[in-house]
Amino acid sequence: MDVLPEILSRHSVRSFAPKPIEKDQVERILEAGRLAPSAKNRQEWRFVVVQKKETRERIQEAAFGQEHVGQAAAIIAVCTTNIDYRMPNGQLSYPVDLAFAACQMTLQAVHEGLGTCCVSTFDEQEVREILTAPFSMRVVLLLLVGHPRDPVEAEPGPRKPLKQVSSKEHW
Ligand SMILES: Cc1cc2nc3c(=O)[nH]c(=O)nc-3n(C[C@H](O)[C@H](O)[C@H](O)COP(=O)(O)O)c2cc1C
């Protein structure tokens, strides 16, 4: 089966080397997020890049001390600028839109030879204060980006078999 190498080699990285990432790499990762699809093409997102050590350490504290949060060379806070727009099917659009953007940024980071971890275990209010995000905005995910400390395995992590998660014509 032909699947993109970035999809095959992506793993969550939870240990980063103390090595900075290049400005151009950050720009390309953000560009991948900017180009993501969104409901009605509303693009109600804001990607806040945190690279200063002191701020990363404060975010680590807000993420209940998880070490990999402070270790990552960049923390991209994936935020929404609208919290109530619903798609025609009734679902809120922002979690879906932001997931697309985070996924594209993740794959671009892997393409750059970097490691990532998507983090949702954090106190949103604290992170919002650190980032001085407006009251009505939400910080939905933290995307950690950096150089993996250990070599990343070439095989994807364990997944349910395709037969269990897909079917044809009917549920
Ligand atoms: C929406 C979302 C939230 C996640 N939150 C966390 C988190 O808070 N902390 C963490 O270490 N990993 C987090 N992860 C990473 C998952 O645990 C990981 O993707 C999953 O175990 C599959 O492993 P893999 O990414 O190595 O393939 C999150 C992933 C997603 C997509």
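All heavy atoms count here, side chains included; hydrogens, waters and symmetry mates do not. Treat the numbers as computed from the prediction; the structure is a model and nothing was measured. Each ligand, and each atom within it, is numbered from 1 in the order the structure gives.
- Counting only N and O atoms by type, the side chains of Glu44 and Thr80 include no donor and acceptor under 3.5 Å apart.
- Nearest non-hydrogen protein atom to atom 1 (C) of ligand 1 is Leu141 CD2, 4.0 Å.
- When non-hydrogen atoms are compared, ligand 1 lies under 4.0 Å from neither the backbone nor the side chain of Ala99.
- Phe100 CZ: 12 or fewer foreign heavy atoms inside a 6.0 Å radius.
- Nearest to atom 9 (N) of ligand 1 by heavy atom, out of Arg10, Gln66, Arg159, is Gln66.
- Distances from atom 20 (C) of ligand 1 to the protein include no heavy-atom value under 4.0 Å.
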>> Assess the residue pair Arg34 and Glu31 against the criterion (salt bridge (charged side-chain N to carboxylate O under 4.0 Å, His left out)); give the C-alpha distance rounded to whole Å, side-chain angles, the decisive distance to 0.1 Å, and a yes or no.
In response: CA-CA 5 Å; Arg34 187 182 74 87; Glu31 184 67 352; 2.8 Å; yes
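- Nearest to atom 29 (C) of ligand 1 among the protein's heavy atoms is Cys118 CB, 3.8 Å.
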> After noting the C-alpha distance and the side-chain angles of Glu54 and Lys52, does the key distance pass the salt bridge (charged side-chain N to carboxylate O under 4.0 Å, His left out) rule?
Replying inline: CA-CA 6 Å; Glu54 188 204 328; Lys52 283 187 182 160; over 6 Å; no
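- If you check the side chains of Arg28 and Gln25, you find no donor sitting under 3.5 Å from an acceptor.
- When the heavy-atom distances from atom 3 (C) of ligand 1 to Gly115, Gly157, Ser120 are ranked, the shortest goes to Ser120.
- How far CG of Leu143 is from OG of Ser120: 12.0 Å, rounded to the nearest 0.5 Å.
- Looking at atom 11 (O) of ligand 1, its nearest protein heavy atom turns out to be Arg14 NE, 2.8 Å.
- In this structure, the protein non-hydrogen atom closest to atom 26 (O) of ligand 1 is Ser12 N, 2.8 Å.
- Under the 3.5 Å distance criterion, with hydrogens and angles disregarded, a donor-acceptor pair is assigned to the side chains of Gln108 and Glu112.
- Heavy-atom contacts of Cys117 reach the following atoms of ligand 1: 10 (C), 11 (O), 12 (N) (cutoff under 4.0 Å).
- Atom 8 (O) of ligand 1 has as its closest protein heavy atom Thr121 OG1, 2.5 Å.
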